[in-house]
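As structure tokens, the structure follows; a few thoughts come after it.
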Amino acid sequence: MNSMRKLLLLLLALFVLSLLCIQRYFRKRPDVIATTNWHAPILWEGTFNRQALRSHYRERNLTVGLAVFAAGRTADRYLELFLRSANKHFMAGYRVVFYVMMEDPHGLPDMQLDPLQTFQVLTIEEDSWRQDRNLVRMTSLGEHIVSHIQDEVDFLFSMTVEQVFQGDFGVETLGTSVAQLHAWWYFKGTENVPYERRPQSAACIPFGQGDFFYDGELVGGTPLQLLNLIEDCLKGVSQDTKNGLSSTYESHLNKYFFLHKPTRLLSPEYSWDSAFLPPQQVQTVKVLRLTRGYRDP
């Protein structure tokens, strides 16, 4: 597969789609913000034409990747629940590659996959994630994007394992660069969000600036766009470390999306915390983030 040619064609198709067809595929809902000031759709239930999007993408013969990070005890506790729910709800009817990032390559749960779905285990070093699991997760994913993933899938999502799909996670989420709105901070406004404010940090977003606060537990896009995000975040973390600053992956992710606006934004419906009752704007919880007290019903 000529990955660069395919990427250019894909980007061109997405650009044309966003300019010419946005009214056909996306709608407004009066109770929520459905479009950013840079004209990217914010996906809530009822703001997109599911059937039209399915018809559009069905002709494209897509393969979508989902990389899940399951290290240490989280693999034993959450991985089977995550994969069974993803098998049912993630990109149903399309080719999917599940990239499972874990320490034990033989630790996959025994389950029957849909014929269009396949597994790949991406082994991580035992205990390496204890330093900073998000940095290990992104460093490892970036290496695999370069070595093989970019030639295997058209779109790629990265998630942590402490989540469960509860509704359709479909082609409406596909875009060049996909960001997840942080469910808690979305309803708090931008005045008090935990942006990095220290001017010395590479992740700094000055007071009075910023669009939304984004959640690092779920990101997506084309493989090379996701690679750009990973490399930029790791570069920022490295720069801060050299300057004696401690900063988080999520703060650098927010700086990246502040400078490089995402083309799709997922509403809190796509990552709701199980510890809280959803407000009325959240009509359906598509992905539930699990707390320690959660029990599979």
Are side-chain N/O atoms of E152 and Y99 paired as donor and acceptor at under 3.5 Å?
yes

Under a 4.5 Å side-chain heavy-atom rule over Ile, Leu, Val, Met, Phe, Trp and Tyr, are V285 and V32 clustered together?
yes

Heavy atoms only: give me the nearest A202-D240 pair and the separation to one decimal.
N-OD1, 2.8 Å

Less than 4.5 Å apart, any side-chain heavy atom of M101 and any of T123?
no

Mind checking whether L245 and F207 sit in one hydrophobic cluster, side chains of I, L, V, M, F, W, Y counted as touching below 4.5 Å?
no

Find out whether N243 and Q200 are in side-chain contact, i.e. whether some heavy atom of one side chain is under 4.5 Å from a heavy atom of the other.
no

Residues S158 and R137: side-chain donor-acceptor under 3.5 angstrom:
yes

Stepwise, does the ring pair (Phe, Tyr, Trp, His ring centres under 6.0 Å) test hold for F212 with F257?
CA-CA 9 Å; F212 302 95; F257 282 134; over 10 Å; no

So do F155 and P223 actually touch side chain to side chain, heavy atoms under 4.5 Å?
no

Would you check if R264 and T173 make a side-chain contact, meaning some heavy-atom pair closer than 4.5 Å?
no

Are D168 and R50 ion-paired here, with the side-chain N under 4.0 Å from a carboxylate O?
yes

R60/D154 salt bridge by N-O under 4.0 Å criterion
no

Mind listing the closest non-hydrogen atom pair of A86 and F98 along with its distance?
CB-CE2, 3.8 Å

Do you know the tightest heavy-atom contact between A40 and P262?
CB-O, 3.5 Å

Classify the ring geometry of F187 against W272: parallel below 30°, tilted from 30° to 60°, perpendicular beyond 60°.
perpendicular

Given side chains that start at C-beta, do those of V171 and R54 come closer than 4.5 Å, heavy atoms only?
yes

Would you mind reporting whether Y249 and M138 have side-chain heavy atoms less than 4.5 Å apart?
yes

Please report the C-alpha distance between D114 and K88 in whole Å, then the side-chain angles of each, then the deciding distance to 0.1 Å, and finally whether the salt bridge (charged side-chain N to carboxylate O under 4.0 Å, His left out) criterion is met.
CA-CA 8 Å; D114 183 280; K88 180 178 180 181; over 6 Å; no

Can K286 and E45 be said to form a salt bridge (charged side-chain N to carboxylate O under 4.0 Å, His left out), step by step?
CA-CA 9 Å; K286 298 176 184 295; E45 187 63 31; 2.6 Å; yes

May I ask you to check if R289 and F276 form a cation-pi contact, with NZ or CZ under 6.0 angstrom from the six-membered ring centre and within 45° of the axis?
no

Of all the heavy-atom pairs spanning Y214 and N254, show the shortest one and how long it is.
N-OD1, 2.7 Å

Classify the side-chain pair S177/H260 by whether it contains a donor and acceptor separated by less than 3.5 Å.
no

Rounded to the nearest 0.5 Å, how far apart are OG1 of T248 and CD of E196?
7.5 Å

Return yes if some donor-acceptor pair links the side-chain N/O of W38 with the main-chain N/O of T263 below 3.5 Å, else return no.
no

Measuring from atom CD of Q163 to atom OG of S271, what distance do you get when rounded to the nearest 0.5 angstrom?
5.0 Å

Would you name the heavy atoms of G220 and F157 that are closest together and state the gap between them?
CA-CD2, 3.8 Å

Reported CG-to-CG distance for the pair L174 and L156, which is rounded to 0.5 angstrom:
11.5 Å

L229 CG to L227 CG distance, which is reported to the nearest 0.5 Å
9.5 Å

Hey, could you give me the CD1/NE2 distance between I230 and H252, rounded to the nearest 0.5 Å?
14.5 Å

Check F48 against L43 and note the closest heavy-atom contact, atom names and distance.
CD2-CD2, 4.2 Å

Spacing of E162 atom CD and L79 atom CG [to the nearest 0.5 Å]:
10.5 Å

What class does the angle between the rings of Y270 and F169 fall in, given that below 30° is parallel, 30 to 60° is tilted and above 60° is perpendicular?
perpendicular

Same cluster (ILVMFWY, side-chain, under 4.5 Å), L259 and L234:
yes

Could you check if a side-chain atom of Q166 sits within less than 4.5 angstrom of a side-chain atom of V287, using non-hydrogen atoms only?
no

Could you check whether E80 pairs with R84 (Lys NZ or Arg NE/NH1/NH2 to Asp/Glu carboxylate O, under 4.0 Å)?
yes

